Amino acid sequence: MTDQYYLWLSKIALEDAGAVSMAAFGAMIALMFWLAQFTQPAWRRWLYPLYLAWLAVAIIAMIVVGFQAGQAACEVGL
Amino acid sequence: MKYIQTNILLQFDNFWKLFTLAALLRLPGLFMPYWYDEAFTALSTRLPFERWVAYLVGDVHPPLWYILVWPLAQLTDSEWGPRLPAYLFSLLALWLLWRIVAHTQWPGGYMAVVAMAVLPFWVFYASEARMYSMIAALVLLAYYAMLTGRPAWWFIALCGLLWSHNYGMFYVAVLWPCAVAQWHTERRRVVEYTTLTVLSGALFAANWLLPVTLAQMLTLSGGYWIQPLTAGQLMQNIFYLVVGFTVPPELLALALVLTFAALTWLVLTGVQHWRSLPYGWQGVLWMTVGVGLLAQLVSMAYRPIFLFRALVGCVPFALLLAAWALQVSPRPARWMVGAGVMLVAAIGLGRFWLEPPKAEAEWFLSGLDTVRSEWQPGDVVLHASSASTIAWQTYGVDIPQRLATPCDSWDNYGGLSRQTIDAIEIPEMTVEDAMQGRVWLAVGLGPLSNPCTKPAIMPILERAEPVAVQYVNEYSISGIWLYTPGNAVTEYDYSQEVVCER
């Protein structure tokens, strides 16, 4: 196999780690919302708005970081 | 209507509105340039019969798709010809899922039908000149035939699956226990469906498996391109199957997070409410995971064969389970998950239309125009490896072409087999002979290419001028270069070739 092949494998490993991290992050968000339904109604009154606000910030952050990372990855040839 | 519909979206008129929307969403893809696998299909339709057989025997798939495509491709040279069957099968699959939902009165099933109509995964494969939409339609046809007791359609669907794709064997192996479980109280039906399953398998084995599939396995034993499944690839594959792969890289992280948040919610809710699962859920769950499990078992026992797009026939059943879990979710969660999935779907569809992945072929077509306009008598196109031959033979068959004599064995991962190359009939030429005159060098090298290919073509590549370049980076070299005798060696600065327009 060529050096390119092993370089490519390392890129794949990086992508794998990214995919697992993103999937785990998404699963954690769902788990938080799902568990919240078993809390007291008084908790839920502030827990859900807090989660939603945090989710909105996370979505905006992912869009901003995504565009920056996309540009950086392209410039190094990924 | 025969059935009492539980949801307004599944009423006859509303379904046909959704059907029309799905048909319109799938139309633009019919006219985009081919990507590699599609060009393989298109090229097959232009070969005489003997070479057509040899071309396909050197590949990995059974021939039904190519048989169906051939007459349509004779009607037109345009891309829509070989894609039309996929378009029609995709719409047939949508109709069959609607019939299954209506027949079983599946709770929330209308959401599965809506998802199948609009998700980018389905829109993409509806306009791909490959067999994947057909696989989905045949799996749904077999399942619908089983539910409604139509053995003839069951037999046709199973035969069709076996003759469409090697994964057809897995689908038959997964469908058969469903039929036995469905009819276990009616011994006559069990015998009927089992007989037809075995018969379809036997017909397949006699006509294709023994003489051809075994030969294909031997042909490809040294160089199949699928890599072992890792946890990350599994996540990516699930994402591709749910959403598709047309999400732009900048929004991929967001799309992955939202998709897995939605999926996790649905799984947790499904487990929480499993006692209210609808009748027949075991069959739907088995259809969702059975083929993937079999493929992974074979991958561990033989060699990696896990291919996400071949699981296309499992996705409608996953959608049914997801739709039920969404139906039993609290209303705010239903809206949030639905909105998240639709947001990701809109991103994927937007990219598919505005910056289609198939438009990677645009660089090639513009390069081909340059080659034609600057062609001089005595010029030759030299392919560094078999990878570039398919597109050139599809779009530029009028241009004289040669294949660089392979540097050693034919161990080219993901490339064409020796039999297929022989069927295309491109004469070979050594790099040294080619360098006697002007050469248009066509390169398509990736990380899995034969390691000796790049050094073999370097004498010509390092003296050539770029004409149309797709990639030049650490992993891949893909593009068209022009060599003129007497050119001096130029040092390539690969980092300068990377164009970032995003």
Side-chain angles (χ1 to χ4, degrees), chain A residues 1-38 41 44 47-49 51-52 54-78, chain B residues 227 230-239 248-269 271-272 329-330 332-333 336-337 340 343 413 445-455 471-477 494-495 497-502:
Chain A
M1 280 296 164
T2 58
D3 292 344
Q4 286 91 336
Y5 175 74
Y6 291 108
L7 260 172
W8 179 69
L9 282 189
S10 63
K11 173 179 174 267
I12 296 292
L14 201 65
E15 286 180 356
D16 274 10
V20 172
S21 307
M22 293 302 116
F25 185 43
M28 190 188 78
I29 292 172
L31 191 62
M32 284 165 56
F33 275 93
W34 187 74
L35 287 173
Q37 66 185 310
F38 302 109
R44 267 178 270 164
L47 214 49
Y48 280 133
Y51 281 1
L52 286 172
W54 172 77
L55 185 59
V57 171
I59 287 174
I60 293 166
M62 277 188 285
I63 292 172
V64 172
V65 172
F67 274 90
Q68 286 177 347
Q71 183 65 24
C74 181
E75 282 167 8
V76 297
L78 291 172
Chain B
Q227 301 292 303
T230 62
Q233 282 169 1
L234 182 64
M235 297 300 132
Q236 287 182 11
N237 288 346
I238 291 171
F239 176 74
E250 292 85 354
L251 295 172
L252 197 54
L254 173 66
L256 272 162
V257 169
L258 291 181
T259 303
F260 278 92
L263 288 177
T264 308
W265 172 271
L266 295 171
V267 170
L268 290 170
T269 308
V271 171
Q272 184 186 355
S329 295
M336 269 186 72
V337 171
L343 173 67
Y413 290 95
L445 297 180
L448 297 176
S449 297
N450 194 329
C452 69
T453 305
K454 187 180 166 191
Y471 300 119
V472 177
N473 58 40
E474 301 100 301
Y475 316 107
S476 309
I477 303 176
Y494 287 159
S495 63
E497 297 290 343
V498 177
V499 180
C500 294
E501 292 178 346
R502 293 199 282 270

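Since the model is a prediction, treat every value here as computed from it, not as a measurement. Chain letters run A, B, ... following the sequence lines, proteins first and then strands; every chain starts at 1.
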Max heavy-atom pair count under 4.5 Å with chain B, selected residue of A:Ala58, A:Ala30, A:Ala61: A:Ala30
Which atom of A:Phe33 lies closest to which atom of B:Trp265, heavy atoms considered: C-CZ3, 3.9 Å
Candidate pair A:Gln37 and B:Thr269, rule side chain to side chain contact (heavy atoms under 4.5 Å, CB included), full reasoning: CA-CA 11 Å; A:Gln37 66 185 310; B:Thr269 308; 5.6 Å; no
When B:Leu256, B:Val257, B:Thr264 are compared by non-hydrogen pairs under 4.5 Å with chain A, the top option: B:Val257
Note, A:Ile59 side chain near B:Leu258 side chain (heavy atom, < 4.5 Å): yes
Considering all heavy atoms, the nearest A:Met62-B:Ala253 contact: SD-O, 4.1 Å
Listed once per pair and sorted, the side-chain hydrogen bond (donor to acceptor under 3.5 Å, both in side chains) pairs that draw on residues 18-34 of chain A, sequence neighbours left out: A:Trp34-B:Gln272
Rounded distance [0.5 Å steps], OG1 in B:Thr259 versus CE in A:Met22: 12.5 Å
Straight-line distance of A:Leu31 CG to B:Leu268 CG, nearest 0.5 Å: 6.0 Å
Atom pair CD1 (A:Ile60) and CG (B:Leu254), whose distance is rounded to the nearest 0.5 Å: 10.5 Å
Closest non-hydrogen atom pair between B:Gly232 and A:Ala19, with its separation: O-CB, 3.6 Å
Working for side chain to side chain contact (heavy atoms under 4.5 Å, CB included), residues A:Leu52 and B:Met336: CA-CA 10 Å; A:Leu52 286 172; B:Met336 269 186 72; 3.7 Å; yes
